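Since this is a predicted model, take the numbers as computed values, not measurements.
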Amino acid sequence: MRLLLLFILISSNCYANELKQEVSLASRLEKDSSKIGKVTQVVDSYLVNATKPTFLDEALWNVGGLHVKRLSGAEGTLSIFSRGMRSTDSILAIDGVKFHDPSDTQGSSAPMLQDMMLTSQDEIEILKGASASVAGSTSQGAIISINRPYGDKKLTYLQEAGSLRRFKEAITVQDTNYRLDAIRLDTDRYSNSTFSGKVKVQGERWSLKPFFNQIVSFAQLHDATSITNSVVIKDVANKLDKRENNIGLYGEKSHFELSDVISLHNLVSYTDSDRRFVFGLFSSDGSYLGQDLVVDDYITISHSDMFTSAIGYKYESESLNISQKGVEAERDAYQVSRDIYAEEKIQLDDLSLLVSGRRSSQGDTSAWTYDLSGTYPIGKLVLASHFGTGFRNPSLYEKYGAYLSSSGMTHIGNPLLSPERSWTYDATVRYSDDKNTVLVTPFMSRIRNPIIFESSLYKNGTSDRDPHGIEASYERYFGVLSYRANYTYTTGEDLIDIPKHELGNSILFCKNKWSGSLRVSYETSKLYATFNNDTFETSKVRENPGLVVGTTANYAISKNVEVYIVANNALDRTYTDGGYKRHGGEAYAGCKLTF
């Protein structure tokens, strides 16, 4: 099921009056989305508050080009595929700060995605396409940032209860210079406690913004799908299997204006992850520890109204520790990467251009990337285009990792791996008037030198990955109603977990004290990969197409009290995602208090 309305022009105080124009992921120099050729979309806090998503994937259900896969339910792994690229090709960020786990098999954001819960004040920004010149390694698919803005002084508290023994409570305390959030969720198979906060201290020409984010979660796992005696075995819950995550992101952002022309910017971030997996059938109890330290400094120079420049340096160190209960041997690994990057903003009357480049070095290997994008308005039309290159350095696990079992550790890493390389091209035509918005974006991507796991060892493959397709959306505003239709076509060789056609429909309603949404989505059949016990190889299994419906209803009792009901998979469709059976219809009710 998919959910979202990105452009909100409803003449009502329930929602924002226009799409948020300020974006931060696409460039260090340009923040006006109308002047950025890269495809950037924003899910603002008005929409998040109206639709009441719990997890990140529930707020991305109707974003063009993104396909969301959640195994089972809240306890299951979450994958987000951008334009046919792998889920590990995308980056998760919090307020623009990269949040990834060096102990993950691909060093990606995958361990964090499944546990990212939202508050009703959050916003989400999505940048699509390879953007390594701006974001560095791994940004070959998309960058998805959960932004937690400051606001007027208030306290927000909510409680929810519903099916699957679900109970949630959250509290947000905020002002124009600070924000603190605490969220707790419990279901019959999953629990999550999330804490975050940030403070802004500033003077006339400087600012300092320390921040922290902490996630502690527990989940009961499911046995993996497989094929035995030519029969596809679906997953089943296994009380002997579990995972425990304790992951944090800490740091500070600062800037100092040396003059009206020159500014200095600094970011220091530290990620600490502690993940434990228990697989009772294999007598395996393993822990994965990862640490990531980033120091990123850059300077911006405003030469004139026509030219603005940025140049910077980034240092990153990653460490990994793998251990297993009852086994004395441990696996430790460490690596450092250094990046030099530059960006130029060029404004020629109505033509806006962004040019950037980066050189990343890690050990004896290096990668050069570049990026070019531009926009040009023609009346009610806007033409935009983007070509970007990307790369992904081998992760610590891919170079030095080990498989855990009752017999101990089996080495599967390859320290001789070289970086993956990629590129993306897209072109966008957008038409908009007072009531209608039409957007069409053909896209194509390619990954060369992919890192694959084959014959019990990581290695660089020879087959390129080349997904391509088209995104299209239409929006119409009817006063108290707003409608959005979104279509994505994706094709390419050997695409796994990605349907060729996806169609999403969203209706938002807002009048007086009532507001609500109706979401209807359809996707065609898709393939998923599973292990074949008959051949001892990976086989592909086709999943059926299907329709999923969801709805939300909100009623404002007063300006301080709101009650609401949310129903996901409202028609109680029985289906699997990646071979894992979804829970079926889910519903919960809540109450939100604001002071």
Side-chain touch [X]/[Y], heavy atoms, less than 4.5 angstrom:
| X | Y | value |
| --- | --- | --- |
| N213 | M112 | no |
| I124 | L56 | yes |
| Y528 | T225 | yes |
| D464 | E493 | no |
| R465 | P467 | yes |
| V440 | I470 | yes |
| L113 | S87 | yes |
| K526 | I498 | no |

Residue that, paired with K38, satisfies side-chain contact (heavy atoms from CB on, under 4.5 Å) out of I143, T424, D371, L25 =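 The side-chain contact (heavy atoms from CB on, under 4.5 Å) with K38 is passed solely by D371 among I143, T424, D371, L25.
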
Run through L92, D101, D104, I144 and flag the one making a side-chain contact (heavy atoms from CB on, under 4.5 Å) with S109.
->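 Exactly one pass, corresponding to L92.
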
Please answer whether the main-chain N or O of [Y] pairs with a side-chain N or O of [X] as donor and acceptor at a distance below 3.5 Å.
| X | Y | answer |
| --- | --- | --- |
| R70 | G76 | yes |
| S82 | M85 | no |
| E398 | P394 | no |
| S72 | Y580 | no |
| R83 | M444 | no |

In Å, rounded to the nearest 0.5 Å, how long is the span from CD1 of I412 to CZ of F453?
->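 I412 atom CD1 to F453 atom CZ measures 4.5 Å (nearest 0.5 Å).
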
Spatial distance of atom CD1 (I227) from atom OG1 (T535) [nearest 0.5 Å] |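 One gets 7.5 Å once the value is rounded to the nearest 0.5 Å.
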
Using 4.0 Å as the upper bound for N to carboxylate O, is an ion pair formed by [Y] and [X]?
| X | Y | answer |
| --- | --- | --- |
| K98 | D292 | no |
| K540 | D494 | yes |
| R243 | D115 | yes |
| R86 | D497 | no |

Could you report the tightest heavy-atom contact between [X] and [Y], atom names first, then the distance?
| X | Y | result |
| --- | --- | --- |
| A59 | V43 | O-CG2, 3.9 Å |
| V97 | S269 | CG1-CB, 3.8 Å |
| R542 | S525 | NH1-OG, 3.0 Å |
| A402 | I322 | N-CD1, 3.9 Å |
| G96 | N147 | N-OD1, 3.9 Å |
| Y190 | Q114 | OH-O, 4.0 Å |

Trace of the side chain to side chain contact (heavy atoms under 4.5 Å, CB included) decision for L185 with F55 = CA-CA 11 Å; L185 173 68; F55 291 100; 3.5 Å; yes

Using a distance-only test with no angle check, is there a side-chain donor-acceptor pair under 3.5 angstrom linking [X] and [Y]?
| X | Y | value |
| --- | --- | --- |
| R275 | S103 | yes |
| D332 | Y334 | no |
| D339 | S360 | yes |
| R519 | N568 | yes |
| T228 | N533 | yes |
| N246 | Q214 | yes |
| Q291 | S319 | yes |

Residue pairs involving residues 126-140 (criterion side chain to side chain donor-acceptor pair (under 3.5 Å); sequence neighbours excluded) =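 Every pair satisfying side chain to side chain donor-acceptor pair (under 3.5 Å) with a residue in residues 126-140: Q41-K128, D89-Q140, K128-E471, S133-T369, Q140-E420, Q140-S422.
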
For residues 453-462, which residue pairs qualify under side chain to side chain donor-acceptor pair (under 3.5 Å), counting only residues two or more places apart or in two chains?
->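 Sorted pair list: S418-N460.
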
Under 6.0 Å from the [atom1] atom of [X], do we count more than 12 heavy atoms belonging to anything else shown?
| X | atom1 | result |
| --- | --- | --- |
| F531 | CZ | yes |
| L547 | CG | yes |
| K314 | NZ | yes |

Would you call the rings of Y487 and H501 parallel, tilted or perpendicular, where under 30° means parallel and over 60° means perpendicular?
->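 Rings of Y487 and H501: parallel, as their planes differ by under 30°.
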
Measure the acute angle between the ring planes of Y270 and Y250, then classify it against the limits of 30° and 60° as parallel, tilted or perpendicular.
->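 Parallel.
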
Report the C-alpha distance between K69 and E543 in whole Å, list the side-chain angles of each, state the deciding distance to 0.1 Å, and finish with yes or no for salt bridge (charged side-chain N to carboxylate O under 4.0 Å, His left out).
-> CA-CA 13 Å; K69 170 188 170 184; E543 282 185 318; over 6 Å; no

Partners passing side-chain contact (heavy atoms from CB on, under 4.5 Å) against S163 (at least two apart in sequence or in another chain) |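 side-chain contact (heavy atoms from CB on, under 4.5 Å) list for S163, sorted by chain: E586.
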
Can you name the one residue among K242, R189, R166 that meets salt bridge (Lys or Arg N to Asp or Glu O under 4.0 Å) with E75?
->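 Option passing the salt bridge (Lys or Arg N to Asp or Glu O under 4.0 Å) with E75: R189.
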
Taking it one step at a time, do D466 and R446 satisfy salt bridge (charged side-chain N to carboxylate O under 4.0 Å, His left out)?
-> CA-CA 4 Å; D466 60 344; R446 174 162 290 184; 3.7 Å; yes

Step by step, would you call L518 with N505 a side chain to side chain contact (heavy atoms under 4.5 Å, CB included)?
-> CA-CA 8 Å; L518 175 66; N505 294 270; over 6 Å; no

